[in-house]
There are 2 protein chains.
Amino acid sequence: MIKQQNIRIIPLGGLGEVGRNMMALEYQGKFLIIDVGLRMPEEDMPGVDFIIPNVNFLKDKQKSILGIVFTHGHYDHIGALPYIIDKLGNPPLFAAGLTKGIIIKRHEDFAHLPKLNITQVQDGDKIHLGPFKVELFRQNHNIADSMGLVIQTPVGNIIHTSDFKFDLDPVFDTPTDFQRLKEIGQRGILLLMSDSTGAEEAGHSLSERTIMENLEGIFKNAKGRIIAATFGSLINRIQQMISLSEKYGRKVAVDGYSMRTNVEICKQLGYIKSEKGTLIKPEQMQNYPDSKVSLICTGAQGEGQAVLMRIANNEHRFVRLKKSDTVIFSSSVVPGNERTVQFLKDELYRREANVFHYKMMDIHAGGHAHKDELKQIMEIMHPRFFMPIHGQYSMLVNHAKLALEQGIPEKNIVVAENGQIITLNEKKISLDKKPIESNYVMVDGLGVGDVGEVVLRDRQTLSKDGMFVIIAIIDRKTGKVRSSPDIISRGFVYLRESKELLGDTRKRVIEIVNRTVGSGGAVNWSYVKDEIRNRIGDFLYARTKRRPMILPVVIEI
Amino acid sequence: MIKQQNIRIIPLGGLGEVGRNMMALEYQGKFLIIDVGLRMPEEDMPGVDFIIPNVNFLKDKQKSILGIVFTHGHYDHIGALPYIIDKLGNPPLFAAGLTKGIIIKRHEDFAHLPKLNITQVQDGDKIHLGPFKVELFRQNHNIADSMGLVIQTPVGNIIHTSDFKFDLDPVFDTPTDFQRLKEIGQRGILLLMSDSTGAEEAGHSLSERTIMENLEGIFKNAKGRIIAATFGSLINRIQQMISLSEKYGRKVAVDGYSMRTNVEICKQLGYIKSEKGTLIKPEQMQNYPDSKVSLICTGAQGEGQAVLMRIANNEHRFVRLKKSDTVIFSSSVVPGNERTVQFLKDELYRREANVFHYKMMDIHAGGHAHKDELKQIMEIMHPRFFMPIHGQYSMLVNHAKLALEQGIPEKNIVVAENGQIITLNEKKISLDKKPIESNYVMVDGLGVGDVGEVVLRDRQTLSKDGMFVIIAIIDRKTGKVRSSPDIISRGFVYLRESKELLGDTRKRVIEIVNRTVGSGGAVNWSYVKDEIRNRIGDFLYARTKRRPMILPVVIEI
């Protein structure tokens, strides 16, 4: 059977979006899974905590899942695991040391789940999973133990770069091993699947060396406390700031839940190194002169409850900002957070702190290859087929254009999105016409997947013009409204200042009910309610140009 | 009386924010007002249309208002007028030709307001208003008839730059007249109030010449239709695109309400020039070969209802995208719109259009001076005192730092925010300690100022976890709940899939009522409701980790 000679690639997340990375590779009905990530909700999804992949495609295939290989420990690659592992039948997991540490730590929060069946692997290891032989190779990113994958399959070698950049001179990390990459390339690569996050960025990504040098300039000149905010997952940057603090004689407090947790895991496993006595608690900062302490914290995105916002708002338990403080944003602004970050910056300036952010100098670098590096890996791997992964659709398209410029023929390049199955053999790569389910599965509190279109649309409507509940009690005998209808409204107008509007509305409700209920015979209650909803809706719109959600309740007694 | 020798400057909007520009100057109880702008709402203000200044400070001073001078026709300088003019007692207005045209056109939408008392002025004109002599001088911005103001006062000359940039080689506009600026500077400037919008941007702003040259490169190579999106208020850019279309033999359709309105006004008043027959209607585009038409439209910010989004979503009445189409974003991304613009770009790429945006090449320039130009105007005006205006607080602070670098002494620089009154005389500039009211006044539909903290907070709560109305009918005689309580919920969970949760909730409501109402005697209804709210709130949280707004209704019959 010729069909059996194909590999099928099933992207379940991360293609056409940033985050929620998850992919399955299939050969003869056996599945290898790479990463199980989550992503943050869009702006039109109020109340949603995060979004995970839809794995219905794998529902009946539990016994055919050979294993899950994780490329690194960021939540967009591991974060959906607790919500999905049951559905996948708790298959064997493979992860390098730090990745494994973060996965296990997180798993503790989900006491009802079975114990994980996780194997620690490292750079150079080969994992044999049925027809797949997965070899890990170290990549530079901004968390330790980031791995690219060479997957030896019956049809040829497939590269999955995962998140990567080339860094010739990193700090607290080994430079990119081009010799090794070339050796891999020389084996012959059938398909290169490469990280597209930076595919719209010109040139070469910044080296962490540059970042550390610029950070050192700030540390050198700071006279008071240093308060440095970055992502809790940016372990390498956190190490830089600890080391700089030590160099300049500062104790270091770490604050913010995600960052504290990560630093603890990394200390335990040896991924963050500090001298004895360097790390203190935030409440101990006041025991040292201002010039002898740093605080590394979360909140560089302006998140309402994170440490930096609490400091800016004078709501932090131990830190009150002073003019001599230096505040560093060692982070980019995640798209969508621009307004809140501006608000935060304004507050810090109001408190007269010395503020440094990435627009003023290079004190942040992303973890993703830019165009030059993306071209370089294509040259090194010299693949027959190319498929951009990880990124918004515009990034995938621009990455594909780069591949075309590098001489890969158009018919050998596939731009796929989540749910579009790719069929691959030695001669051909193609996209299935009919996509499988790959929609957003939303997590809100304890609910997984129970917030859907209807609930979200209601939340949006409620947020715009609020709601307006009308309760009319109708006397069964007379068919008339008893006393005055009750009205409950929130988010529409300030009720105390709208007595006239409410009075007029009540009168209209009574008229509508008395007209529609009629006297005697069966009453069409849904008609009565529709009439209230439509007519009161129009009335309120005419008076206010607002459209609250109208909810009529008619009770017959 | 020495006190009478002071000028007081009252910033009512635009200081500490971008937009809503409005300022009053007072001398001996007489007021000159500069601009009356609006701004867009923040992300945590769902449903709000826009925000206008609070003018309560001027409420009892109508007779002392000498006039309002407008610097240019953008809505952040003129847009709040219809909502405020009544409160200001319809004073005399002064505006240059295009600004006046836009103000009058907009006023037509407010039929209930009195006729405007507006005088047309132009570059070089002097307006005598009591103790103030206001002279207009032309500035480069991105709309015609942009004016800076030299205000001769009894204490000295004050410069209000309004929005400006220096452009040595603009298109369809005159280069900056440095000779004229120098002449003004030589009169002796007591206070320079200068635009801070670009105070955090290094170097010199881009010339519109560069933009037009890059746009021409795109026009030259485009084989199919050109669809160019920009701000409806960017008259100069619209002219560039009309002229380029004519040069390359293309007819031009203009689509999008604000842009069509602006183009109409500009055509009538001669601010946009086009050959006879160039402008066509969108529905006529199909009558020409693709290579012979352009569409200039709104929607570059990814606004849901604007033209470009409708095109991307295949919902436009006349335009279906094809592979040969070229789509140009000739605009920056307004902070907060990054996600929607990315979404829009992805959709355009999915339809295989050729997309050009400002990150790929310089096809947009802002209208505001960068650091180099801001330093240059300080050198030219050589003011004794300096005050940054127009911008977020971080921009004001960084602008003040520039002034310090330029040698203006720290005590001569004032960083003020909205509501902080500045007192100025020949010798001294100072800030009043106690600010006046200058809070946001929100416009939502027909309501001005009736959406306040309470309504907004309710909207936010509703948007996150929805609402949950519980209606319990209680029999007056027995004190028991009659039948089963009604529950109405929206935005919380999908009700049809939550029957068990609702059933359990109803049981609990009945228990709570029966326990709290008791039998006989007066019932404390607000206690009953509080108990329902709190206990059902806790119950739902325990079951779902969500906190919908709980609204208990208890009806006694």
Side-chain angles (χ1 to χ4, degrees), chain A residues 16 42-43 46-47 200 335-336 338-340 342-343 345-350 355 359-360 392-394 396-397 444-447 450-452 454-456 458-467 469 471 473 482 486 488 490-494 497-498 541 543-546 549 551 553 555 557, chain B residues 16 42-43 46-47 200 335-336 338-340 342-343 345-350 355 359-360 392-394 396-397 444-447 450-452 454-456 458-467 469 471 473 482 486 488 490-494 497-498 541 543-546 549 551 553 555 557:
Chain A
E42 298 282 355
E43 285 157 7
E200 295 180 323
E338 289 76 7
R339 297 283 322 149
T340 48
Q342 178 65 51
F343 175 83
K345 267 167 54 185
D346 287 347
E347 284 302 305
L348 295 169
Y349 275 108
R350 282 191 185 98
V355 179
K359 275 200 165 180
M360 297 165 75
Q392 296 286 148
Y393 195 72
S394 73
L396 303 182
V397 171
D444 178 1
L446 295 183
D450 67 337
V451 170
V454 176
V455 172
L456 275 188
D458 284 347
R459 287 183 185 174
Q460 288 161 16
T461 306
L462 289 166
S463 80
K464 267 181 212 130
D465 289 324
M467 55 90 168
V469 182
I471 302 161
I473 307 223
R482 272 174 67 139
D486 277 302
I488 306 170
R490 292 289 187 281
F492 168 50
V493 292
Y494 192 50
E497 290 170 2
S498 312
Y541 183 73
R543 287 278 285 264
T544 65
K545 289 275 181 290
R546 296 178 201 171
M549 184 185 280
L551 298 162
V553 182
I555 299 170
I557 58 165
Chain B
E42 297 282 357
E43 284 157 7
E200 296 180 323
E338 288 76 8
R339 296 283 321 151
T340 48
Q342 178 65 52
F343 176 83
K345 265 168 54 187
D346 286 346
E347 284 301 304
L348 295 169
Y349 275 108
R350 283 193 184 97
V355 179
K359 277 199 163 179
M360 296 164 73
Q392 297 286 147
Y393 194 72
S394 73
L396 303 181
V397 170
D444 178 1
L446 295 181
D450 66 337
V451 171
V454 177
V455 172
L456 274 190
D458 285 347
R459 286 183 185 176
Q460 288 161 16
T461 307
L462 290 167
S463 79
K464 266 180 214 131
D465 288 325
M467 54 89 167
V469 182
I471 302 161
I473 309 229
R482 271 174 67 138
D486 277 301
I488 306 170
R490 293 287 187 280
F492 168 52
V493 291
Y494 192 51
E497 292 170 0
S498 312
Y541 184 73
R543 287 279 285 263
T544 65
K545 289 275 181 290
R546 297 178 199 171
M549 184 184 279
L551 299 161
V553 183
I555 299 169
I557 58 166

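Predicted model, so just to flag it, every value in this text is computed and none were measured. Here is how names work: the chains are called A, B, and so on, in the same order as the sequence lines, proteins then strands, and each is numbered from 1. Side chains included, hydrogens not; waters and symmetry mates left out as well; all remaining heavy atoms used.
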Given A:G445, A:S394, A:G47, the one with more heavy-atom pairs under 4.5 angstrom with chain B than any other is A:S394
Scored by heavy-atom pairs under 4.5 Å with chain A, the best of B:G466, B:P46, B:S463 is B:S463
For chain A, the option from B:L348, B:V469, B:I557 that forms the most heavy-atom pairs under 4.5 Å: B:I557
From B:R546 CZ over to B:K464 NZ, what is the distance, rounded to the nearest 0.5 angstrom? 14.5 Å
Working to the nearest 0.5 Å, report the span between CD of B:E200 and CG of B:L396. 9.0 Å
Of all the heavy-atom pairs spanning B:P335 and A:R339, show the shortest one and how long it is. O-CD, 3.4 Å
Chain B heavy atoms under 4.5 Å from A:F492: which part of the residue, side chain, backbone, both or neither? backbone
Honestly, the part of A:I471 sitting under 4.5 Å from a heavy atom of chain B is side chain
Side chain, backbone, both or neither: which part of B:I473 has a heavy atom under 4.5 Å from chain A? side chain
Pair count under 4.5 Å, heavy atoms only, with chain A: among B:K345, B:R350, B:E42, highest is B:R350
Among A:T340, A:V553, A:L462, residue most engaged with chain B (heavy-atom pairs, under 4.5 Å): A:L462
Heavy-atom distances under 4.5 Å only: say whether A:I555 touches chain B with side chain, backbone, both or neither. side chain
As an exercise, state the distance from CG of B:L551 to CE of B:M467, rounded to the nearest 0.5 Å. 7.5 Å
Looking only at B:R482, B:E347, B:E43, B:Q342, most heavy-atom pairs under 4.5 Å shared with chain A are made by B:Q342
Region of B:D486 that comes under 4.5 Å of a non-hydrogen atom in chain A: side chain
May I have the step-by-step check of side-chain contact (heavy atoms from CB on, under 4.5 Å) for A:Y494 and B:V455, ending in yes or no? CA-CA 6 Å; A:Y494 192 50; B:V455 172; 4.2 Å; yes
Could you pull out the closest heavy-atom pair between A:S498 and A:V493, with the gap in Å? OG-CG2, 3.3 Å
With B:D458 via side chain to side chain contact (heavy atoms under 4.5 Å, CB included) - residues at least two apart: A:R490, B:V454, B:M549
Check this for me: A:K545, atom NZ, are more than 12 non-hydrogen atoms of other residues, nucleotides or ligands nearer than 6.0 Å? yes
Taking every heavy-atom pair that is under 4.5 Å apart, which of A:I488, A:V397, A:D444, A:D450 has the most such pairs with chain B? A:D444
